Amino acid sequence: MTTTLAGAAQTQATAHHWAIVLHGGAGVIERASMKPEAEAAYRASLTRATQAAAKVLDLGGSSVDAIEAAIQILEDDPLFNAGRGAVFTAEGRNELDAAIMDGANLKAGAVAGVTRTRHPISLARAVMEKSPHVMLIGAGADTFGASVGLEQVDPSYFFTERRWQSLVKQLQKEGRPIPPRPAGAPAPPTGPIAEIEPPDAHRFGTVGVVALDRAGNIAAGTSTGGTQGKQWGRVGDSPIIGAGTYASNQSCAVSATGTGEYFIRLTVAREVCALVQYKGMMLQQAADQVIHRELAALHGDGGLIAITPDGQLAWSFNTPGMFRARLTEGGNLQIGIYGDEP
Ligand code: ASP
């Protein structure tokens with residue numbers, strides 16, 4: 001099923017009225033398989049994160065500040081595949097990727113494969129603001145995070161039973177070896193786990209936010225645990241500037257979600273901005289062109305959210321659903337999950 005939101009997802013805000021769009025991952029998210037408690041929990045989380053960003057922007061904070069505030073909340077929330085609640089690698093680790101980009105000056109920061117920094121989005125921001133680099137990986141990135149005072153945790157902090165059981169189920173199905181239960185994880189439950197969703201539901205849940213602040217600056221941020229069962233140090237699109245995350249005041253800010261390999265090959269985020277910048281496309285048209293034509297032509301799956309400095313907001317996805325929310329200054333919060341919602 002595909003969803004075209006041309007027109008519907010596009011609102012025109014007065015210049016320099018703040019606006020936010022947020023996603024919590026795209027994939028096979030369908031009404032028929034979503035329990036009402038789970039749906040309510042997702043809607044509540046998306047609301048909380050959007051409101052946190054709104055508060056920052058209302059007080060005159062920057063789009064970068066608003067993005068970090070919202071993503072920190074989603075990273076702490078075990079519902080999403082970012083921070084605590086991230087999916088596991090085939091070796092039974094949580095390896096986290098994140099990126100942030102400031103459209104005002106094209107500064108960017110990204111991290112991949114981090115295992116100890118509680119908020120990977122804050123680490124990406126620190127790379128952008130406190131290092132001479134754009135991207136750091138693995139243990140070195142965590143060491144840098146500790147050196148600039150970011151909270152460090154034991155890797156078992158990111159463990160959740162639901163994601164662990166989901167990994168075990170996938171590896172069993174694929175006939176791959178099951179790694180030992182991670183050190184420091186709580187003892188395995190004796191009965192079925194009391195979770196709001198079955199372990200294999202919604203392996204998605206990458207989170208991303210794009211925002212426009214009152215100064216007229218846009219920014220984008222993305223945080224993820226990547227794809228479940230990934231191996232060999234695999235890194236997806238989320239921390240790759242231009243692929244899963246991009247922002248420029250000359251065009252737009254984008255955060256993507258989906259099977260990262262396709263998004264890297266198409267440089268999806270930059271591609272949307274290039275269509276806006278050089279072809280003069282409206283944002284929604286550019287987003288739909290990349291998702292429904294270019295990504296679909298490669299048989300890739302996923303979606304994106306986007307914003308322009310003149311207040312156009314867009315989302316587009318070719319999966320059955322995408323967790324998403326948007327809010328403009330003085331407007332009403334709009335949340336969507338399934339493909340048939342506006
Ligand atoms: N794009 C992410 C990755 O490939 C995963 C996702 O968005 O679901 O790492």
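FYI, side chains are in, hydrogens and waters are out, and symmetry mates aren't considered; it's all heavy atoms of this structure. Start at 1 and go down the list; that is how both ligands and their atoms are numbered. Computed from a prediction, not measured in an experiment: that's the story for all the values here.
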Within a distance under 4.0 Å of any heavy atom of [X], pick out the atoms of ligand 1 and give their elements.
{"X": "T206", "answer": "2 (C), 5 (C), 6 (C), 7 (O), 8 (O)"}
{"X": "G258", "answer": "1 (N), 2 (C), 3 (C), 4 (O), 5 (C), 6 (C), 7 (O), 8 (O)"}
{"X": "G260", "answer": "4 (O)"}

Ligand 1 versus R234: contacting region, heavy-atom distance under 4.0 Å: side chain
Per-residue contact class, S238 against ligand 1 - non-hydrogen pairs under 4.0 Å: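 Side chain only.
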Any N/O pair [X]/ligand 1 closer than 3.5 Å:
{"X": "N81", "value": "no"}
{"X": "G226", "value": "no"}
{"X": "T259", "value": "no"}
{"X": "T257", "value": "yes"}
{"X": "G236", "value": "no"}
{"X": "D237", "value": "yes"}

Any donor-acceptor pair under 3.5 Å from K130 side chain to G145 backbone: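 Flag not set: sc K130 to bb G145 has no pair under 3.5 Å.
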Under 3.5 Å donor-acceptor, Q165 side chain and E161 backbone: no
Member of Q170, R163, K169 meeting the side-chain hydrogen bond (donor to acceptor under 3.5 Å, both in side chains) criterion with Q228: Q170
Same apolar cluster (I L V M F W Y, side chains within < 4.5 Å links), V153/I121: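 Cluster IDs for V153 and I121 differ.
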Joint cluster assignment, Y246 & L212, ILVMFWY side-chain distance < 4.5 Å: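 Result: no, two separate clusters.
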All ring-ring contact (aromatic ring centres under 6.0 Å, His included) counterparts of F88, not counting sequence neighbours: F159, W164
ring-ring contact (aromatic ring centres under 6.0 Å, His included) partners of F263, counting only residues at least two apart: none
G25 near ligand 1 by a heavy-atom separation under 4.0 Å: no
Pair R270-S251, side chain to side chain contact (heavy atoms under 4.5 Å, CB included): steps then yes or no: CA-CA 9 Å; R270 177 60 200 156; S251 51; 4.0 Å; yes
